[in-house]
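When a residue number appears, it is its place in the shown sequence, counting from 1.
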Amino acid sequence: MSRTRHIRGSRLATAGVAAGAATLLAATLAPTAHAADRPSRTTAIANAASALVAHAAGLGLTAAEDTSVRDVIVDADGTQHVRYDRTYRQLPVLGGDFVVHLAPNGSYRSADRATRSAISLSSVTPKVAAPKAADLAVNALRAANLGEVLKGVTAKPQLIVDALHGTPKLAWRTNVVAKDSLGNPVARTVLTDARSGTQIDAWDSVETATGDGKSLYSGTVPLETTLSGSTYQLKDATRGGTYTGDAANKTDLCILGICISRAPSTVFTDTDNHWGTGVSSDRSSAAVDAQYGTNETWDYYKNVHGRNGIAGDGKGSYNRVHYGNSYNNAFWDDSCFCMTYGDGDGTQLGPLVALDVAGHEMTHGVTSKTAALTYSGESGGLNEATSDIMGTLVEWYANNSSDPGDYLIGEKIVRSGFGKAALRFMDQPSKDGNSADCWSSSVGNLDVHYSSGVANHFAYLLAEGSGAKTINGVSYNSPTCNSSSVSGIGRDKLGAIWYRALTVYMTSSTNYAGARTATLNATKDLYGAGSSEYGAVGAAWSAVGVG
């Protein structure tokens, strides 16, 4: 059954001159040759060919070897650099490449070689057949993807000489490609000893590139993308193949929690790897925000908590933006392991792709793979609060000057017609008009987006303490339910405690009393039962009426 988690509740209320100068300076500093005197590419290749004959022994060239030019660079002063690939008995040599450096007059200066091992093989006939090498490579790809069922698998072995890994040997270099369960490309190059069948080396071979995007809320941000032919895709192979697609303003058709059809998630593409314009009229701008939010959330969990991906298995989720028409919500869905973002109606909410929203949605995925807090009653409130807490910590972690960290939820997406500065307020949750500041026996009867207020309030107090203060330019005034004064222990410790409580101690039925116990146990593990942190956790829960 599909389990969907929303950022909001069922009702709206819940929720030129300088460049020229630089060019002139570079031109002044760099020695130049007149264009008519500068060697051509053809001349450089001819000069290098003469150098190969004269310096064959130093370059390790024998009668069994041949060379081909890969690249030529001629400097402004006429210095020439010719790069070669090498073959041995007509087989490509991995690690056989070298660069010949020539003076402006074409005379030999030096060379750089990838390896210096002499190549001498008794035979170039493999004992391991090509189909066997292909099978071994496919198994290696599956192992690298944790045994996931892969689709459209193809493997192409090529017989080569491997000079890169010690003594040169005959080897199969097999490029194996496929698609994972989400349709993302996966690829691996596997190097296999052609005599023993032993794997020599293997590496991921999905081509990635670093681009940038102009987002709606976070300024210009870096993006890892995938080059497919001459087109870039908004897919990040460095973060488990996470990608962002266009839902084309369509919606899912689901009956009783089972989706019969889904809105598309057509991956965004670009020709120059510069994405979006920073305005909503460009459909890729919202995609930039979604992908960036996913990246920052992934990095937060990995770098801060050591969690490799939302499910802890290194696999990425995916995003759908432009879902429905004027859809005022965003949600996580376990059944597709994906996040979905509406564009908002423009009056009360804008596109729901802000950084803390992304962190909120992906954290629902973390919760579903760990404590699996039931999405109702007090457990549901804790589920929502977990996403608010960790989504807020993601925003602080990103340290983005265009969207600085705060304790407001969704402040970037609200519009004047919403009537409030944010969807939710962690310092005093009741400021949204519906959420609970303090625990009571009836709090579990509230919508989960409102009962979450108790834990949100606890988290703020634990991190920052009670009373009036200004943090990062935002004014807060957090009261306590027992009139106590609470001192904070900081965001980093809040995150460490909550994450350990979620992943080690909470269960599907944990309520607020159980959350107090879970966080105290986590604090004891991290800092000791007699620590000031342990006392602070107990005091913060008491300050919101729990325990």
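Surrounding NZ of K169 are more than 12 heavy atoms belonging to other residues, nucleotides or ligands, all under 6.0 Å away. At most 12 non-hydrogen atoms from other residues, nucleotides or ligands lie less than 6.0 angstrom from CZ of R83. Atom CG of D71 is surrounded by more than 12 heavy atoms from other residues, nucleotides or ligands within 6.0 Å. By the neighbour-count criterion of 12 heavy atoms within 6.0 Å, atom NZ of K315 is densely surrounded, having more than that number from other residues, nucleotides or ligands.
To the nearest 0.5 Å, atom CG of residue L223 and atom CD of residue Q291 are 6.5 Å apart. Remark: D313 CG to N308 CG distance equals 8.0 Å, nearest 0.5 Å. Rounding to the nearest 0.5 Å places OG1 of T67 at 5.5 Å from OH of Y84. With rounding to the nearest 0.5 Å, the separation of OH in Y232 from OG1 in T226 is 11.0 Å. Atoms CG and CD, on L136 and Q199 in that order, are 8.5 Å from each other to the nearest 0.5 Å. Between L141 atom CG and T189 atom OG1 the span is 10.0 Å, to the nearest 0.5 Å.
For the ring-ring contact (aromatic ring centres under 6.0 Å, His included) with Y318, the qualifying choice from W332, F337, Y243 is Y243, the only one to do so.
Ring pair H322/Y327: centre-to-centre distance not below 6.0 Å.
Side-chain N or O atoms of D162 include none that pairs as donor or acceptor with a backbone N or O of A171 at under 3.5 Å. Under the 3.5 Å distance criterion, the side-chain polar atoms of S285 are matched with a main-chain donor or acceptor of V279. In this structure, the side chain of S368 does not engage the main chain of A372 through any donor-acceptor pair within 3.5 Å. In this structure, S218 contributes its side chain and S215 its backbone to no donor-acceptor pair below 3.5 Å. D252 contributes a side-chain N or O that, together with a main-chain N or O of A263, makes up a donor-acceptor pair within less than 3.5 Å. A donor-acceptor pair is defined here as one N or O able to donate and one able to accept, closer than 3.5 Å; such a pair exists between the side chain of Q80 and the backbone of G78. Using a distance-only test at 3.5 Å, with no hydrogens or angles considered, no donor-acceptor pair links the side chain of N249 to the main chain of Y323. With hydrogens and angles ignored, the 3.5 Å screen pairs no side-chain donor or acceptor of Y300 with any backbone N or O of M390. Side-chain atoms of N319 do not come within 3.5 Å of backbone N or O of M339 as any donor-acceptor pair.
Taking each heavy atom of S120 and Y88 in turn, the nearest pair found is CA-OH, 3.7 Å. Shown here for T370 and V366, the closest heavy-atom pair between the two residues is OG1-O, 2.8 Å. F268 approaches D246 most closely through the heavy-atom pair CE1-N, 3.4 Å. Between S402 and K412, the shortest heavy-atom contact is O-NZ, 2.8 Å. When every heavy atom of A398 is checked against every heavy atom of L355, the shortest pair comes out as CB-CD2, 3.5 Å. Nearest approach of V161 to P168, heavy atoms of both residues: CG1-CB, 4.2 Å.
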Quick one, W275 with T225, criterion side-chain contact (heavy atoms from CB on, under 4.5 Å). Give me CA distance, side-chain angles, the key distance, then yes/no. CA-CA 10 Å; W275 305 75; T225 59; 3.7 Å; yes

Would L502 and T367 count as a side-chain contact (heavy atoms from CB on, under 4.5 Å) here? Give the steps. CA-CA 7 Å; L502 176 75; T367 298; 4.1 Å; yes

Run the side-chain contact (heavy atoms from CB on, under 4.5 Å) test on V221 and N400 for me, step by step, so that the C-alpha distance in whole Å, both residues' side-chain angles and the decisive distance to 0.1 Å come before the verdict. CA-CA 9 Å; V221 297; N400 185 305; 4.1 Å; yes

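Checking S50 against Y108 by side-chain atom types alone, no donor-acceptor pair falls below 3.5 Å. If you check the side chains of R320 and T340, you find a donor sitting under 3.5 Å from an acceptor. Remark: the D270 side chain and the S284 side chain contain no N/O donor-acceptor pair separated by less than 3.5 Å. In summary, the side chains of Q158 and T174 do not present any donor paired with an acceptor at a separation below 3.5 Å, with no hydrogens or angles considered. Side chains of N303 and Y397: a donor-acceptor N/O pair is present below 3.5 angstrom, by distance only.
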Under 3.5 Å, sequence neighbours excluded: what are the donor-acceptor pairs made by side chains of residues 93-104?
| from | atom 1 | to | atom 2 | distance (Å) |
| --- | --- | --- | --- | --- |
| H101 | ND1 | H81 | ND1 | 2.9 |
| H101 | NE2 | D112 | OD2 | 2.8 |

Name every donor-acceptor pair, under 3.5 Å, that has one atom in a side chain of residues 52-65 and the other anywhere in the protein, sequence neighbours excluded.
| from | atom 1 | to | atom 2 | distance (Å) |
| --- | --- | --- | --- | --- |
| T62 | OG1 | A64 | N | 3.3 |
| T62 | OG1 | E65 | OE2 | 3.2 |
| E65 | OE1 | R86 | NH1 | 2.8 |

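Between D334 and K369, the closest side-chain pair of non-hydrogen atoms is not below 4.5 Å. Taking the side chain as every heavy atom from C-beta outward, T167 and S117 never approach each other to under 4.5 Å. The shortest side-chain heavy-atom distance between V321 and D289 does not fall under the 4.5 Å cut-off.
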